[in-house]
Each structure stands twice: as C-alpha cells, then as structure tokens.
Q: 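Just dropping this structure here.
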Amino acid sequence: MAKFKNLIFAVLLILLFVEVLIVFPKKLEHDDDAQVQARVELQEKRKKELETLGKDPNEKQSTAEQKMGGVHLVESQKGQRDWELFSESAEGSQGSGNWKLKKVRVFFYNKEKVEFTATGDEGTIDSNSKDLNIKGNVVTRSENGYVFKTPAISYSAVKRLIESPEDVYMEGPADKTGAGMTVKGRSMQVLVDQSKMLIKEKVSATKPMKDGKRFEIVADGAEFSGKSNLARFLGAVRMNYDGMRLEGPEASFLYDKGANLLSSISILGGVKVSDEDKFATADVVNLDLLTNKYVFKGKPKVIQNNDELSGEEIIFLDGGKKVKVERVRAKMENKEK
C-alpha cells in the first residue's frame, strides 16, 4: 500500500514539473503577445488622432495646452516698465511661446508713466520677443486725449512702436474753441518713447470752431503730440477756412497751453492764399485766431483786381477786411478815365 502511494506521488510530481517547465511558459508567451498587440493598436489609434488634428505623429507631444483666466502680465526693459497687460483669458502652451488672449487692455509706459492705452477684442503675445498683436474694435488712447480707432494693431517691443497699416479714425481732445479735431487716414504709427502719433497716408481732417466756422484740411500725412495738443499736417496741405483757401507744404495747429484753446495756425514753406477777390503768396502765413489777424511774411505779395501789393510784411485785420503793409511796394494797374 505504501508503494502504491509513493507511485501516485511520483506521478503528480512529474505532472507538476511538466506544467511549470512546459505549459506555463507557453501561456506567458501568449499573454505577452496579447499585451504587445494591445499596445500596437493603442499607438495606431493615437497616430490617427494626431493626423486628424493636422499634427505630425512622429513629433514629440511634450507640451500641454493651458488655459488661464484673469491674466495680468508686466514686461520691463532696462529696469523700466515697457507694457502692462490685462486679459479676461489666455490660451496657449509653454513650448510654443505664443498665447491667445480675449478682451485685452494694454498700458504702454514711457519713463514709468502710462503714455498710451490700447484695448481690443482679441490678442496674441509672443512670450519670447514680447511682441503683441491686438484686433477687433481696437482703440488706442494717448494720455492727453487723442483717440485712434483701427481694425488691428501690432507692437514691436524692440522698436517700442505701435503700428496699423489699415484705415484709422482719430478724435482729438475738445478745447475752448470747439469740439476736437476729427481725422481720417491710413497707416498709423505710435512712437512710444517720443510720445508721438503719426497718420502717414491720405489724411483728411475737420476742426469745428464755436463761432460756426470750421477748418477742413487735406494732406499727405499728419503728426500729433502726446504731450501737448500740437497737430501738424505735412505734404501738399490744402485747407479751407472762412471762405479762404490756403495751400502749402506744412501747417501747424498751435494751442495755448494755459487756456486750452486753439490760438493760431502757421503755414510754412511757400504758401498760397485765395478768396473771392484776392490772391496772396508768402513764405510763411500765420493765422492768429484770437485776434482774427492774418500775417504774411517772407516776400509777401497780394493781388487784388489786378493791383499788386507787396512789402516786408502784410497783415490782414478783421479777417481780411483791412490790410496793413510794412514798407509797402505797390504796383497799380493804369486805368483809363
């Protein structure tokens, strides 16, 4: 009986060795094959997903998309603030260096003071160059009251320059002589460090006055100051005012700082002035709006009814109703009696 039990034990032991040495490795081999197949299928699925998104399936996808709300960023150059940005939200990735913004407001600084403010519906920021783009109902404001409206702007951090190559509409600050100047043109530039605003093409402008008169100006370009209300029109300037037509290469609108009013206009570089019965030329013409006096300097000449009047300086008083000539030289037409 004991020998029979030993025989059964030996058989069971042999079967156990067969299971361990032969059957179990085969089972492990089949299990490994199944796991490898599962991994291959998962990789193929991921590859198809990346191709659908337009991405390279061989590129390492190591950067994760991020979204943030209530964004506030400050950028500095040479120890001073360059710009300060607020946005409702931002979306992007650390690896790409580009961020998309919603509802943007940016303050541009000059010597630690806010010089210009820009707002828009959307924007982007390059976290490497610190350059900005803003689009959608973009409004750029100077601290002294000029407002520029454009479809989009871009900002170069290296140049400290705001630009828009598109159409621009500007509203100037009001003053005691009337509402602010309005300007239409194309191609805007804002030089932050110089606190200067330029409209470089196809400028047309109006400036209403309280007495019902108005200036209408056409020019190649215009320049405005963020420090004062000075406005300059440049290149083939043509201006109408109170029945007069004035033409010259450059015209400057000068404001009285203390009184906040448009005090005078200076046209330079060879000026032509005409109205219903007079034609005049001079190197410089100054319109003194406070005294209603027009001063012609630099080889001034007035022609009226074929009579020519010249001198060192010609002054029109009461808006042109009276004429005063310094060192007069007159050439009268001979008329038959």
Q: Quick one: do E223 and R232 make a salt bridge, cutoff under 4.0 Å?
A: yes
Q: So, do F116 and V106 sit near enough that their side-chain heavy atoms are less than 4.5 Å apart?
A: no
Q: Counting N and O atoms only, with roles assigned by atom type, does the side chain of Y146 sit under 3.5 Å from a partner on the main chain of N229, one being a donor and the other an acceptor?
A: yes
Q: Which heavy atom in G226 sits nearest to a heavy atom in N144, and how many Å separate them?
A: O-CG, 3.2 Å
Q: Side-chain contact test, heavy atoms from C-beta onward, threshold under 4.5 Å: evaluate it for L132 versus L85 and give yes or no.
A: yes
Q: Are any non-hydrogen side-chain atoms of L230 and L254 less than 4.5 angstrom apart?
A: yes
Q: Supply the atom-to-atom distance R238 CZ to L246 CG, rounded to the nearest 0.5 angstrom.
A: 12.5 Å
Q: My understanding is that only one of I153, T119, I134 makes a side-chain contact (heavy atoms from CB on, under 4.5 Å) with V139; could you say which?
A: T119
Q: Would you compute the distance between atom OH of Y255 and atom OG of S263 and round it to the nearest 0.5 angstrom?
A: 9.0 Å
Q: Examine distances only and state if a side-chain atom of N110 and a backbone atom of D193 form a donor-acceptor pair shorter than 3.5 Å.
A: yes
Q: Taking S76 for its side chain and G79 for its backbone only, find out whether a donor-acceptor pair lies under 3.5 Å.
A: no
Q: Are F233 and F253, when compared by the centres of their aromatic rings, separated by less than 6.0 Å?
A: yes
Q: Please find the pair of heavy atoms, one from A251 and one from I267, that lie closest to each other, and give the distance.
A: CB-CG1, 4.1 Å
Q: So, the side chain of S164 versus the backbone of A152: is there a donor-acceptor pair under 3.5 Å, distance only?
A: yes
Q: Is the shortest heavy-atom distance from the side chain of F224 to the side chain of V183 under 4.5 Å?
A: yes
Q: State whether R81 and E112 are salt-bridged, where the test is any N-O pair (Lys NZ or Arg NE/NH1/NH2 against Asp/Glu carboxylate O) under 4.0 Å.
A: yes
Q: Determine whether the side chains of T206 and E216 contain a donor N or O and an acceptor N or O closer than 3.5 Å.
A: no
Q: For K149, look at atom NZ and say whether over 12 heavy atoms of other residues, nucleotides or ligands are found less than 6.0 Å away.
A: no
Q: Does a donor on one side chain sit under 3.5 Å from an acceptor on the other, for S264 and D288?
A: no
Q: Would you kindly say whether Q80 and Y109 are connected by a side-chain donor-acceptor distance under 3.5 Å?
A: no
Q: Could you tell me which non-hydrogen atom of K130 sits nearest to which non-hydrogen atom of A157, and how far apart they are?
A: O-CB, 3.8 Å
Q: Nearest 0.5 angstrom please: K196 NZ to S142 OG, how far?
A: 14.5 Å
Q: So, N137 side chain and G120 main chain: donor-acceptor pair closer than 3.5 Å or not?
A: no
Q: If you take all heavy atoms of S274 and F279, which pair is closest and at what distance?
A: CB-CD1, 4.0 Å
Q: Roughly how far, to the nearest 0.5 Å, is NZ of K213 from CG of N240?
A: 14.0 Å
Q: Which residues pass the side chain to side chain donor-acceptor pair (under 3.5 Å) test with R245, sequence neighbours left out?
A: E247
Q: Compare every heavy atom of E143 with every heavy atom of V114, then report the nearest pair and how far apart it is.
A: O-CG, 2.8 Å
Q: If you take all heavy atoms of Y241 and R214, which pair is closest and at what distance?
A: CD1-O, 3.6 Å
Q: Can you name the residues that form a side chain to side chain donor-acceptor pair (under 3.5 Å) with R186, not counting sequence neighbours?
A: D167
Q: Is D121 salt-bridged to K103, cutoff N-O under 4.0 Å?
A: yes
Q: Flag the pair R160 and D82 as a salt bridge only when some basic side-chain nitrogen lies within less than 4.0 angstrom of an acidic carboxylate oxygen.
A: yes
Q: According to the salt bridge (Lys or Arg N to Asp or Glu O under 4.0 Å) rule, which pairs have a member within residues 199-211, sequence neighbours left out?
A: D175-K207
Q: Please confirm whether the backbone N or O of K102 pairs with a side-chain atom of S87, one donor and one acceptor, at under 3.5 Å?
A: yes
Q: Counting C-beta onward and ignoring hydrogens, is there a side-chain heavy-atom pair between I125 and W83 closer than 4.5 Å?
A: yes
Q: For E171 and T182, what are the C-alpha separation, side-chain angles and deciding distance, and is it a side chain to side chain donor-acceptor pair (under 3.5 Å)?
A: CA-CA 5 Å; E171 296 175 352; T182 59; over 6 Å; no
Q: Before giving the answer on ring pair (Phe, Tyr, Trp, His ring centres under 6.0 Å), spell out for F108 and Y155 the whole-Å C-alpha distance, their side-chain angles and the decisive distance to 0.1 Å.
A: CA-CA 10 Å; F108 295 97; Y155 173 71; 4.7 Å; yes
